[in-house]
Number of protein chains: 2
Amino acid sequence: MPRSGSSPKKTVTMRDVARMANVSQSTVSRVLSGVEGGIPIGEETRRRVLEAVEALGYYPNLHAGSLRGQKTFMIAMMIADIGNPFYHPMVRAVQDVAHAHRYDVIIANSDHMREGEERFLESVIRRPVDGVIMVPYHLGEEELELLIERTGAAIVVLGQQIRHPRVDVVFGQDDRAMFEATTWLIQEKGHRRIGFIGVTEEFSAGARRKAAFLHALQQAHLPIEPELFEIGDWSVESGARAVRKFLSLTRPPTAVFAINDLMAIGAMEAAQAQGVHIPDDMAVIGFDDIPQATWVRPRLTTVAQYPAEMGRQMAEALFERIQKEYVGPGRRFEVSCRLVIRESV
Amino acid sequence: MPRSGSSPKKTVTMRDVARMANVSQSTVSRVLSGVEGGIPIGEETRRRVLEAVEALGYYPNLHAGSLRGQKTFMIAMMIADIGNPFYHPMVRAVQDVAHAHRYDVIIANSDHMREGEERFLESVIRRPVDGVIMVPYHLGEEELELLIERTGAAIVVLGQQIRHPRVDVVFGQDDRAMFEATTWLIQEKGHRRIGFIGVTEEFSAGARRKAAFLHALQQAHLPIEPELFEIGDWSVESGARAVRKFLSLTRPPTAVFAINDLMAIGAMEAAQAQGVHIPDDMAVIGFDDIPQATWVRPRLTTVAQYPAEMGRQMAEALFERIQKEYVGPGRRFEVSCRLVIRESV
DNA sequence: GTTCTTTATGCAATCGTATGCGGTAATTCG
DNA sequence: CGAATTACCGCATACGATTGCATAAAGAAC
């Protein structure tokens, strides 16, 4: 039964337009897609077709074009968690660039988990897209290989060491910034016991920042004391938990370095709740410079990353590849970080 | 020329699987889509097919299914701005429900603008999706009519008065909450000059909340003084601007009601910058209860909405329609608000 | 042994669009 | 006036998966 007449969906197709304009469906296609240098179209015909398009309110069905092997006009973006403010400017920047190119954006969360990242890869294979932007913490070259060989999509990745002729990489120089900020804490501010709130080493960014932190300690000939290292999960609550551990030590640290702002804010909250004065009793420094860093009191000293800039870079690199404006080996773009000194140190 | 061998994209299709398993392509389809009650498949055949699928790493191409008139396994969601923390839990909730159903989510920003909302409608017509979730501020029934008649998508809308047999509506009871909170400010807290930071009346939510505010004033027999009404654009900065205007009055208000938390936070910031003590010199109350409301000092008193709950409601209603578990007239769901008293009043 | 089910599989049409190729009419040229 | 261009346009097919219908083989009933 060919769908009862009461059904509301009546898709207007090219054939309908063709019928109304008294031309063939292929002519409609040619008028609309306007191939330069292709078969020319008569003025009269073109006019009739455009009139019919207008009258029927025809919109091309993008799925059909995708199937035919054309562009899908979609890109997919994977981030850890849309709830984390750090990603918002990044997502927004990507969306803006994409929409300027008339592209839609599918957004997926990995929740910082390996399975989440793998699920994303699979979904991209099932639903081909023209481009993929990823902020992975776990997946490396081998895993991306699958994606690369199974899809024609352009690929841009943030923050992973990946060298592949078909993927561009955008890097925040977070390790260098981490080293410099730690050194600043030690040299300029005189801190010699610094608590570190990190994450498990599975996270490449976590491992990288911790290494840079350790490097700075060594450089300053400071001892590495295990009790000053706590593991969080990027969330406000985990920052609070970590600082409570620190405060229960016989000699609490005089400063705390959290590898993201959410944990730093949690640390401040929890410390203040115990009557600790910041920065006098304990200094707190974060990483990211999310907008909320200036909302808390004292305002958070932090290492600024520029997620909007990262997003823009990634999206533009991606579209250069999608539009074939760039073909060639994988590129590397660096987005710098900057120490932003406020009141919490 | 049939694409040179150097090209990286080698899509594995059902035909490849069929060839390998020595069956027809339609048999592969039947094995994979596993129609219950349909034509049965021999054990041996099924095994061969599944082996071939495994060996080739086959994934079905979702675009093809969409074209054939099946589901697209995509929903589209329109919000005002992904940068606004209020939407994050909502987006997240929608994504979670969608992913549980193996659906992808396309997210678009309207930027609070009518054109943005219209652009979204068009994009949904061009790329059919199974469901649409909208948080419109401008579009009403007539505009949605176009969407409804041109697409088979299920539709759920937040916060607009729309009565249509095919769309469900989720409502925050923001008008009632606004009235009650204002009354509380007046009766319990004794404020008689309350500054109101709203938005232009084009926003239905803005108009609704302002009406509720005015209603509360009238109920309390308070005068309506134009100088106590400022127009913002939902952003932190606009809240700051508004409060500076208030402070320049000969008789500044003793309390400020902002219709969202971002503007309230901006108001607090700007007031504090001018040495105004909150809540003693001036009370501030917001709307939404974004997580950051507890990060600022003093902690923000505000009317809590429950965006995660809203998102969940919308998504579940949507999928009930998509899966045809519900067919019937448009439903209305209410999500209540609640006054959260903290330190800023 | 013939006819009728039942079971399992293949064939081919279909969705909406893009495009190579071939065909027709109008135009130009010799 | 006949032939060669040129300008336009339609036919047919491809894209990948779903699905109604036909069909072949096997089994059951007579």
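Letters A, B, ... mirror the listed sequences (proteins, then strands); counts begin at 1. When reading the values below, keep in mind they use all heavy atoms of this one structure, side chains included, and skip hydrogens, waters and symmetry mates. Since the structure is predicted, the reported quantities are computational estimates derived from the model, not experimental observations.
- Residue pairs satisfying the ring pair (Phe, Tyr, Trp, His ring centres under 6.0 Å) criterion with at least one member in residues 122-141 of chain A, sequence neighbours excluded, are listed as follows: A:His112-A:Tyr137, A:Tyr137-A:Phe203, A:Tyr137-A:Trp234, A:His138-A:Phe203.
- At a threshold of 4.0 angstrom between heavy atoms, the contacts of A:Ile41 are confined to the sugar-phosphate backbone, with no base atom among them.
- The CZ atom of A:Phe73 sits 13 Å away from the P atom of C:dT17 (whole-angstrom rounding).
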Just distance, no hydrogens or angles: give the donor-acceptor pairs under 3.5 Å from side chains in residues 122-134 of chain B, sequence neighbours left out.
residue: B:Ser123; atom: OG; partner: B:Phe120; partner atom: O; Å: 2.9
residue: B:Arg127; atom: NE; partner: A:Asp104; partner atom: OD2; Å: 3.0
residue: B:Arg127; atom: NH1; partner: A:Thr72; partner atom: O; Å: 3.0
residue: B:Arg127; atom: NH2; partner: A:Thr72; partner atom: O; Å: 3.4
residue: B:Arg127; atom: NH2; partner: A:Phe73; partner atom: O; Å: 2.6
residue: B:Arg127; atom: NH2; partner: A:Asp104; partner atom: OD2; Å: 3.3
residue: B:Asp130; atom: OD1; partner: B:Thr72; partner atom: N; Å: 2.9
residue: B:Asp130; atom: OD1; partner: B:Thr72; partner atom: OG1; Å: 3.0
residue: B:Asp130; atom: OD2; partner: B:Thr72; partner atom: N; Å: 3.0
residue: B:Asp130; atom: OD2; partner: B:Phe73; partner atom: N; Å: 3.0
residue: B:Asp130; atom: OD2; partner: B:Tyr103; partner atom: OH; Å: 2.7

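- The side chain of A:Tyr58 places an N or O atom within less than 4.0 Å of a non-bridging phosphate oxygen (OP1 or OP2) of C:dT17.
- Looking at heavy-atom distances under 4.0 Å, A:Val28 makes no contact with the nucleic acid at all.
- Remark: A:His88 engages B:His88 in a ring pair (Phe, Tyr, Trp, His ring centres under 6.0 Å) (not counting sequence neighbours).
- The closest side-chain heavy-atom distance from B:Met20 to B:Arg48 is not below 4.5 Å.
- In this structure, B:Lys71 places its NZ atom 11 Å from P of D:dT19, rounding to the nearest Å.
- In this view, A:Ser26 and A:Ser24 satisfy the side chain to side chain donor-acceptor pair (under 3.5 Å) rule, not counting sequence neighbours.
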Pairs under 3.5 Å (N/O, protein and nucleotides 11-13 of chain D):
residue: D:dC11; atom: N4; partner: A:Ser26; partner atom: OG; Å: 3.2

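- Counting to the nearest Å, the C1' atom of C:dG16 and the NE2 atom of A:His63 are 11 Å from each other.
- Residue pairs meeting the salt bridge (charged side-chain N to carboxylate O under 4.0 Å, His left out) criterion with at least one partner in residues 59-81 of chain A, sequence neighbours excluded, are A:Asp81-B:Arg92.
- Among the atoms of the strands shown, only primed sugar atoms or phosphate atoms (P, OP1, OP2) are found under 4.0 Å from some heavy atom of A:Thr13.
- Both B:Leu67 and B:Asn22 lie close to DNA chain C; mapped to their nearest nucleotides by heavy-atom distance, the more 5′-ward contact belongs to B:Asn22.
- Terminal axes of the helix from C:dG1-D:dC30 to C:dG30-D:dC1 (five pairs each, C1' rotation axis) are separated by 60°, to the nearest 10°.
- Applying the salt bridge (charged side-chain N to carboxylate O under 4.0 Å, His left out) test to residues at least two apart or on different chains, the pairs with a partner in residues 307-319 of chain B are B:Glu309-B:Arg312, B:Arg312-B:Glu316.
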- Query: Stepwise, does the side chain to side chain contact (heavy atoms under 4.5 Å, CB included) test hold for B:Asp168 with B:Leu318?
  - Reply: CA-CA 8 Å; B:Asp168 294 329; B:Leu318 191 77; over 6 Å; no
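- In this view, B:Asp16 and B:Arg19 satisfy the side chain to side chain donor-acceptor pair (under 3.5 Å) rule, not counting sequence neighbours.
- Remark: P of D:dG16 and CG of B:Leu62 are 14 Å apart, rounded to the nearest angstrom.
- For B:Asp16 and D:dC15, the CG to P distance is 11 Å, given to the nearest whole Å.
- We find that CZ of A:Arg48 is positioned 11 Å from C1' of D:dC9, with the value rounded to whole Å.
- Nearest-nucleotide mapping onto DNA chain C: of B:Ala64 and B:Thr27, the residue sitting toward the 5' end is B:Thr27.
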